[in-house]
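Order of the sequence lines fixes the chain letters, A, B, ..., with proteins taken first and strands second; residue numbering starts at 1 for each chain.
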Amino acid sequence: MGSNIFAYSIRRIVAGVPVVLIVVFLTFALTYLTPGDAAVYLAGDDATPEQVQEVRSSLGLDRPFLEQFLTWLVGLFSGNLGNSLVLPQTVGEALLIRAEPTIMLALFAQVIAVALAVPLGVLAGKFYGGRFDRAVNVFAVAGIAVPPFVVGIGLILLLSVVLALFPATGYVRLEDGLLGSLGSLVMPAIALGLAQAAFIVRITRSTMKEVFSSDFILAATMRGFSEKRIVLKHVVRAGIGPTISAIGVSFATLINGAIVVEIVFNIPGLGRLLTSAVESRDVPILQGLLLVITVAYVLLNILTDVVQAAVNPKVSF
Amino acid sequence: MLLQVQDLSINYASSAGRVHAVDNLSLSVGEGEIIAVVGESGSGKSSVGLAIPGLITASIATISGSIWFKGEEISRLPSHDLRKFRGKEISMIFQNARAALNPVRTVGDQLLETLQTRDKDLSASRARARALELFELVGISDPITRLGAYPHQLSGGMCQRVMIALAVSLDPSLLIADEPTSALDVTVKVQILQLLKRLTAQIGTSIIIITHDLNVARALADRVAVMYAGQIVELGPAVDVLKTPKMPYTQALFQSLPRLGGERGEQLAAIPGQPPNLTAPPQGCRFADRCPHAANICQSAPELFGITDSRKARCFFPHDSLLRAQTSFNQPEEPKAAIS
Ligand SMILES: Nc1ncnc2c1ncn2[C@@H]1O[C@H](COP(=O)(O)OP(=O)(O)OP(=O)(O)O)[C@@H](O)[C@H]1O
Ligand code: SF4
Ligand SMILES: [Mg+2]
């Protein structure tokens, strides 16, 4: 089975390559077609049209679309994503530096979300329709309705301004210590994690409710097992599949959420890089970012399916 | 008495209103006794079976009455205290065997779990040996491979056999078997019936067997209880009830002739008309609408009248039917003879 999963993963990764290329091409085309470019931004507000044109040709932005795209592709296959038009870095360097806070934030938020959503969802499913379940449902609706940045601002006001527990904004890099780094992310991770949890808990709650009322749980009860054994070894094990899918799918919203939360908390991650690159029309950066995000999506999807197959004996490769 | 059910009523909550699925039912089961419960679909057989070990919770239905097991009123116990009865004392073969097996765990895993959590001293290798023995006992060929199978990889009949192995694995005092042989072919069915008989003979297990198959009732049961619309309508020794049913419903039910070849056993007859709507059951005799003998008095509810010392029928006019004379019921001793 192990080698099966391996072969399956390889096949899925190969199948993902065209998807990545298509997405990258489309974004390339879109940035090309929208008015305004980096030359305008770099030349400044007072520049004459001639000066702008000069900057543009020095950056190679006046060359035909296909030529620009192919140059970029060739670079990609030799591991070179090009240079930023605005920042004093290559695209690769910029991405690498900015990836750490985002990955840390995303993982931290997702850990909070899963740790919160799975137990809450299982218990809500067990007491479906009861008071606890209704409370969880309110949380799920609120968590989806209230955007993370609102929660984030609320947290800043409460924990930083009023209680002075955490620094309001900024990020401590990993090389300066894991704890400090996590500490700097507590509030943004909670803000983001709550929204993620709200999404996951809805799925968990409804599938667990089904499992709790199924015949095989009645049969397990009839064998005299403890409550704990029934919940952990029978209910959760049988009903965790949709939750795993939900966790996988929720990474998509996580990336969106991270962008906003990074702005609120002033975290120098990929989200902030994305907004500034859009502002300055830094096309190479945008390309690199979208490449990274698309690849991350594809890999997460594959990972979700593999984990899914591991917990569900009916799925085979 | 091992088990005494007194005035059990079960009202399910449903969108169409309260379903009066079981009405004031009383039944007792002696040590080592086998009782067959027969009746049409929807008559409340499974509901009674599920209610005895407390598997119908207050969120699904309102239950009244009392259930006594080995002198203890188990219907008063909280579910935590019921645990020690479940599995070891009272065990159950569920009607839908496949649905009663955990789909994401192998059947062997589920059987070993049952053996080992209920007997902490059982070593892994002894548990495995016992599991293999149980699989052989219920007629599972190639038991070593089958231990590693998931329910979806097994046929319906195979799931049923696994279910039976699980139910008898802890040598229960009372086994509630809800249609245990419905998906099995004749040879395996005979084997299972013999297994159940042996359980009673060797360790004194009492059995409540719920079945549509009169041959199963005849081969196994000491007594038969016939259910109609949530009530017991006839109760007595299997020999007598099957041979000379007294209540018109039972007579109609047993009217079917053995099928040619008898492959699937003798099934209960289809009776013209519909059983009453259990959200608003009739005040009088519940069978009146379909009864050829109904009279004015049947507008009031008949009790379960005693006819002889051991026989009871819920009818104002219990009588022998001429039909029985035409359908010869032989009384074989062995299940094998009953089915062939
Ligand atoms: N969970 C439930 N909620 C509502 N009504 C129910 C529920 N379970 C059973 N019923 C109803 O109670 C009545 C008795 O059902 P039960 O399953 O006990 O019948 P049965 O005699 O076992 O039938 P069968 O031979 O088809 O298994 C039926 O009318 C059924 O629709
Ligand atoms: S009481 Fe009346 S209606 Fe009911 S079974 Fe007997 S004869 Fe028929
Ligand atoms: Mg039933």
Side-chain angles (χ1 to χ4, degrees), chain A residues 1 4 118 122-134 204-205 207-245 305-317, chain B residues 13 46 49-50 52-60 78-107 109-111 113-119 148-153 159 162-163 166-167 169-170 172 175-176 178:
Chain A
M1 171 132 172
N4 260 347
V118 174
V122 171
L123 287 176
K126 178 167 169 58
F127 301 110
Y128 195 84
R131 211 174 300 160
F132 180 81
D133 173 50
R134 287 205 297 275
T204 309
R205 166 181 179 262
T207 47
M208 293 303 167
K209 176 224 168 194
E210 290 299 317
V211 177
F212 269 110
S213 56
S214 65
D215 278 7
F216 65 88
I217 295 307
L218 210 57
T221 309
M222 193 55 214
R223 261 167 254 150
F225 296 152
S226 67
E227 193 97 337
K228 188 174 142 206
R229 170 171 289 276
I230 288 173
V231 171
L232 296 181
K233 296 279 171 81
H234 288 269
V235 177
V236 172
R237 214 157 135 185
I240 202 69
T243 298
I244 291 171
S245 297
D305 288 354
V306 167
V307 175
Q308 191 73 261
V311 299
N312 186 351
K314 283 189 197 170
V315 177
S316 57
F317 302 112
Chain B
S46 295
L50 291 169
I52 290 170
L55 288 182
I56 300 182
T57 55
S59 62
I60 310 174
S79 83
H80 182 265
D81 294 335
L82 279 172
R83 259 181 62 196
K84 66 173 190 285
F85 289 98
R86 292 174 176 157
K88 271 186 179 164
E89 291 285 5
I90 308 178
S91 146
M92 177 118 101
I93 297 172
F94 285 82
Q95 185 168 13
N96 184 349
R98 188 190 298 281
L101 295 170
N102 191 323
V104 302
R105 299 181 53 181
T106 64
V107 293
D109 183 21
Q110 296 179 58
L111 180 53
E113 177 189 35
T114 308
L115 292 168
Q116 289 190 289
T117 51
R118 298 313 297 274
D119 181 0
Y150 290 97
H152 72 274
Q153 296 166 331
C159 286
V162 171
M163 182 84 248
L166 277 166
S169 63
L170 300 173
L175 174 64
I176 301 167
D178 197 346

Item to check | Min side-chain heavy-atom separation A:Phe225-B:Glu113 under 4.5 Å | outcome: yes
Next on the checklist: Please verify the inter-ring angle class for A:Phe132 with A:Phe127; under 30° counts as parallel, over 60° as perpendicular, anything in between as tilted.
Outcome noted: perpendicular
Next on the checklist: Suppose a student defines contact as a heavy atom less than 4.5 Å from any heavy atom of chain B. Which residues in residues 210-217 of chain A would they list?
Outcome noted: A:Asp215, A:Phe216
Item to check | With A:Tyr128 via side-chain contact (heavy atoms from CB on, under 4.5 Å) - residues at least two apart | outcome: A:Asp133, A:Arg205, A:Lys209
Item to check | Pairwise distance CZ(A:Arg223) to CG(A:Leu218) - rounded to 0.5 angstrom | outcome: 10.5 Å
Checklist outcome for this item: Interface check, chain A: of B:Leu82, B:Leu101, B:Leu170, most non-hydrogen pairs under 4.5 Å belong to B:Leu101
Checklist outcome for this item: Across all chains, not counting sequence neighbours, the side-chain contact (heavy atoms from CB on, under 4.5 Å) partners of B:Arg83 are A:Ser226, B:His80
Checklist outcome for this item: Rounded to the nearest 0.5 Å, the CG atom of B:Asp109 sits from the CG atom of B:Asn102 at a distance of 8.5 Å
Checklist outcome for this item: Assert top hit (heavy-atom pairs under 4.5 Å, partner chain A, pool B:Arg98, B:Arg118, B:Lys88, B:Met92) equals B:Arg118
Item to check | Among A:Ala220, A:Ala238, A:Gly241, residue most engaged with chain B (heavy-atom pairs, under 4.5 Å) | outcome: A:Ala238
Next on the checklist: According to ring-ring contact (aromatic ring centres under 6.0 Å, His included), does anything in residues 81-107 of chain B pair up with another residue at least two apart or in another chain? List the pairs.
Outcome noted: B:Phe69-B:Phe85
Item to check | Point-to-point distance, once rounded to the nearest 0.5 Å, from CD1 of B:Ile90 to CD1 of B:Ile176 | outcome: 6.0 Å
Checklist entry - Among B:Gly87, B:Ala99, B:Pro103, which has the most heavy-atom pairs under 4.5 Å with chain A? => result B:Ala99
Item to check | Which atoms of B:Thr117 approach chain A - backbone, side chain, both or neither, heavy atom under 4.5 Å | outcome: side chain
